[in-house]
Amino acid sequence: MAPIGYEPLKNAQELEGLLEPATVPVRTSRSSSRRRLVFGIASLLGLVGCAAFYALPPPHARYATEQSSKHDGLFDGSDETLHRCPSNLPPLATPPTKTNPFASLTVPETVAIDRWVSSPARGLNLTVGDKASISDNLIYRIEAYRPAKKDAVKYLDNPETNGPPERYAHVVIHHGAASEPYVQDYLVGPIPVSEKTTMRKLSEIYHRDPIPYNARAFLTSGELTPLLARVMPGLSEATEELFGGSVRGLPNDTMVAGTSAPFSFDGSFRRGWINWRRNIAGPWLHPIGFYQYIDFSGTDPAHWKVLKLVYNHQVFDSIDDFMSAFRNGTLKRLPDRPDQDPAQGQWSTRIRPKPYAPRDLDHLPGPRSVSFAGLRFRVDRATQFVSWMGWGMFFGFDRDMGLSLWDIRFKGDRIIYELSPQEAMAQYAGNDPMQTTTAWLDRYFGMGAAVRDMIPGYDCPHEAVYLPATTHNFEGSITRERAICIFEHDSGRPITRHTGYTDGEFGATRGYQLIVRSISTVGNYDYLFDYIFMIDGTIEVRVSASGYLQGGFWEPAQEGYGTAIRETTMGSLHDHVINYKVDLDVAGEDNSLLFTHTAVEKITQPWFDEDWGHEVIQQKISKTFIENENEALLRYPQNFQGGYSIVNKEALNRWGIPRGYAVHAGYSPIHNTVVGSKRLLNNANWARYNLAVSKRKETEPSSSCQWNLHLPGKPVVDFHKFFDGENITQTDLVMWINVGTHHLPQAEDSPNTRTNLAASSFFLTPLNYFDYDVSMDSTNSILLTAPKTPGQTWVHDDYGVGVTNCVPDVVPPFEYLGVKTFGLDGKEAAPKTAEEMRKSAELFHRIKVEL
């Protein structure tokens, strides 16, 4: 049972609409004369009270809230009882199938798979994950493997005659005990586990096999402790004097580490730069300007070593060389800076600054959304299916990239088979070893594993409905009850309108939207993933970023690579590019890629008079079908004079035009700036373009993978190899679409980046798919007609959808519980401390050395 105050977890009766909304008893209305008298007195008192209130607003003002269940009936002019608003519980959805073929594995399923794979009969010599070291064989993760499209579609389209496709698990094993350690992916199934279950290597989706062990995932943030605990105490004399801190592996250590990436070029080594920071809140904004290049190749920490040290642009080949320079006075020291004092570090927290400038009326709570007639979207929690205004979709969820949307239909037709994020790249610049060598691919860390429970009323509106998500790793399973939120949103602007004077011209249609959201916190950065559905058949896919910058150490030599946001901190110049897979099925799977563009022409016409001359300059549309996928690595046209769409040549609308869906650039339609860097040589080729289109293949399910981060020279998935000259006319196509930002940091990025500017999106919108604008079907519209007698009120028709008045439900007291964890045995584990959660969440973004 959900805890008190937990908004989305509705009971079964309420979800199915079996409970009637409560009514609120109100006082009966008075006679009109008495009402006028009371109104006059109340108005006078109200004016006096308001004047006093606004003249002297108290610091913690009390205010009227929706918690009052009474209505005084003085001003409504109604004799009717005012009811409580319908419950903010979603009506039960009816999914097209009884089973979600894209569903994640349950905790009991992963426990069964873990036991089956760990059985001695498999011969894998596995160590239990939560007791394993890097030199052991262990199961790193287990998750669902998506069915082949033909099998899923066969079931989705005819569930009465076809059963759901067989289910399989994707299992990743670290073979650390092998003579030559490696990582291997396996396919296990069918599941549930039975005598028919088998296990084989999963290699057909990759371009190299097996995966080099030097590209492996981190097990814990303490993986580097054996090296750092060995070398840092010998540097404490210098670090205490130069930085006012030391690293001794103690709870009160005043310095923490972070690393750059990638660690390897081709898997032949595992090396990285350590960047030391102050151990205070927001450590990413407190670099101290001290760097170590370390080699931690292989599985024996005794062989790991420090290769270089850098301080104030001086390079030392060993710790002894650095300490000698420190002691003999030849070390060129950085000047003392004001914010080297850790006590001055509150500026990097989210605590309100002191002093701060109060804002007028900011002591009052802001407006909130209430669905006065009840929620208008439906949810089936069992299958994670949602429907709204003709839209319907299943949800999937995985460790690498989190939320994905499947079998998206509009008005009964499948529009998109799969819509899912693929990778998130961040490439930095700087004049120091950390920033200039950093090129993150955040799939490595697990953007699904990094999804956090959302903050009700802040991350999503109070009446949002939440759905859970579970991911599985070598330690067990993690369930986030508020991993996904769904809410209907009034955009505040009509989707269409016109003011006219002839009958039928004047009116508007409300621009309601359904938003599906999840938030991932990957180390210092927070990513808000939004899928925004509109009543005309348009989808906006948007990513917004917040969280902490990866701050660099500011000094004059950093000029041009970022902006000083504090005396010794800079925001470093970097690019974000996030890639999406969009498997559109426009009126079927046989689709083509259409490029529509405009150009300027100069023409003459016989009807031109000499007063204007005989020539006119204007635009003209041209349409070209791109037939070879090698020509489908694309950037948006200059000045956005045109665009790309997926159309079905053989399916025409009423006007003889091929039905299609177009891609429109939204906020910040960028691609990667730097091409050719060895640290992103071939592992993120997709980032070079705004979009690309390839022939869909089961062997090309994703543009990236977890292992690509540390293998830029020889990636496990090489996106360019998808493009091998195949014809893409009237076949099943996939679009790979990028969003992102060129982040030129500024002082206002401190302490956290703002989502209003750090945002990027694209739109998928009907292109002659319909015969008219289907948003006109909505009854949330109004039609106005001019009065027959001038000066009278305009006649209006709201199609029977008028304003509804009711008393909203009380907003539950705020409560945030965080994560629920399960051990490898499937039993619920003891709650983790905040420090334990931080270690598993931040990994080598924040490494605290512990003995």
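Basis for what follows: all heavy atoms, side chains included, without hydrogens, waters or symmetry-related copies.
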Test side chain to side chain contact (heavy atoms under 4.5 Å, CB included) applied to Val582 and Val541, step by step: CA-CA 10 Å; Val582 184; Val541 179; over 6 Å; no
Let me confirm one number: the OG1-CG distance from Thr568 to Leu285, rounded to the nearest 0.5 Å. 10.0 Å
ring-ring contact (aromatic ring centres under 6.0 Å, His included) partner of Trp273, chosen from Tyr293, Phe263, Phe296: Tyr293
Between Asn752 and Arg350, is any side-chain donor less than 3.5 angstrom from a side-chain acceptor? yes
Do Trp736 and Phe719 have ring centres separated by under 6.0 Å? yes
Compute both the distance and the angle, then confirm whether Lys678 meets the cation-pi test with Phe265: under 6.0 Å from the six-membered ring centre, within 45 degrees of the axis. yes
Return the orientation label for the Phe640 and Tyr636 ring planes: parallel under 30°, perpendicular over 60°, tilted otherwise. tilted
Check ion pair Asp400-Arg141 (N to O, under 4.0 angstrom): yes
Exam field: side chain Arg452 to backbone Arg480, donor-acceptor pair closer than 3.5 Å: no
Ring centroids only, cut at 6.0 angstrom: are Tyr417 and Trp406 within range, meaning strictly under it? yes
Test side chain to side chain donor-acceptor pair (under 3.5 Å) on Asn579 and Ser703; report intermediate values, then the result. CA-CA 8 Å; Asn579 184 242; Ser703 61; 2.7 Å; yes
Value for CZ (Arg271) from CG (Asp295), rounded to nearest 0.5 Å, stands at 4.5 Å
The reported gap from CG in Leu733 to CD1 in Ile646 (rounded to nearest 0.5 angstrom) is 5.0 Å
With no hydrogens and no angle check, just 3.5 Å: does a side-chain donor-acceptor pair link Arg846 and Asn524? no
Does Ser348 use its side chain to pair, donor to acceptor, with the backbone of Ala281 at less than 3.5 Å? yes
For His576 and His743, take the angle between the two ring planes, folded into 0 to 90°, and tell me which bin it lands in: parallel under 30, tilted 30 to 60, perpendicular over 60. tilted
For Asn431, is there any backbone N or O sitting under 3.5 Å from a side-chain donor or acceptor partner on Gln558? yes
Taking it one step at a time, do Arg270 and Ser264 satisfy side chain to side chain contact (heavy atoms under 4.5 Å, CB included)? CA-CA 5 Å; Arg270 187 172 173 93; Ser264 186; 5.6 Å; no
Do other residues, nucleotides or ligands put more than 12 heavy atoms under 6.0 Å from Tyr667 OH? no
Whether Gln314 side chain and Tyr311 backbone form a donor-acceptor pair below 3.5 Å: yes
Between Glu540 and Thr538, is any side-chain donor less than 3.5 angstrom from a side-chain acceptor? no
So, His207 and Asp718: side-chain donor and acceptor under 3.5 Å apart, yes or no? no
Do side-chain atoms of Lys581 reach the backbone of Pro701 as a donor and acceptor pair under 3.5 angstrom? yes
Is it true that the side chains of Gln550 and Trp440 contain a donor and an acceptor less than 3.5 Å apart? yes
Could you walk me through whether Gln746 and Thr563 pass side chain to side chain donor-acceptor pair (under 3.5 Å), step by step? CA-CA 6 Å; Gln746 56 195 62; Thr563 301; over 6 Å; no
Take atom NZ of Lys697 as the centre, draw a 6.0 Å sphere, and report whether it contains more than 12 heavy atoms from other residues, nucleotides or ligands. yes
Using 30° and 60° as the class limits, which term best fits the ring planes of Tyr580 and Tyr531: parallel, tilted or perpendicular? perpendicular
Got a second to check how far Phe290's CZ is from Ile274's CD1, nearest 0.5 Å? 11.0 Å
Ring geometry between His845 and Phe445 (parallel below 30°, tilted from 30 to 60°, perpendicular above 60°): tilted
Within the distance-only criterion (no hydrogens, no angle test), does the side chain of Ser645 pair as donor or acceptor with the backbone N or O of Val647 below 3.5 angstrom? no
Between the side chain of Arg482 and the main-chain N/O of Asp453, is any donor-acceptor distance below 3.5 Å? no
To the closest 0.5 Å, what do you measure between CG (Leu691) and CG (Leu593)? 8.0 Å
Can you find a side-chain donor-acceptor pair between Tyr527 and Asp442 that sits under 3.5 Å? yes
State whether Arg277 and Glu842 are salt-bridged, where the test is any N-O pair (Lys NZ or Arg NE/NH1/NH2 against Asp/Glu carboxylate O) under 4.0 Å. no
Is there a donor-acceptor pair closer than 3.5 Å between any side-chain N or O of Asp432 and the backbone N or O of Met434? yes
Using distance alone, with no hydrogens and no angle criterion, decide if Gln422 and Ser702 have a side-chain donor and acceptor under 3.5 Å apart. yes
Tyr525 OH to His574 NE2 distance, which is reported to the nearest 0.5 Å: 3.0 Å
Are any side-chain N or O atoms of Asn738 and backbone N or O atoms of Tyr689, one a donor and one an acceptor, separated by less than 3.5 Å? yes
Under the 3.5 angstrom rule, does the side chain of Ser840 hit a backbone N or O of Met837 as a donor-acceptor pair? yes
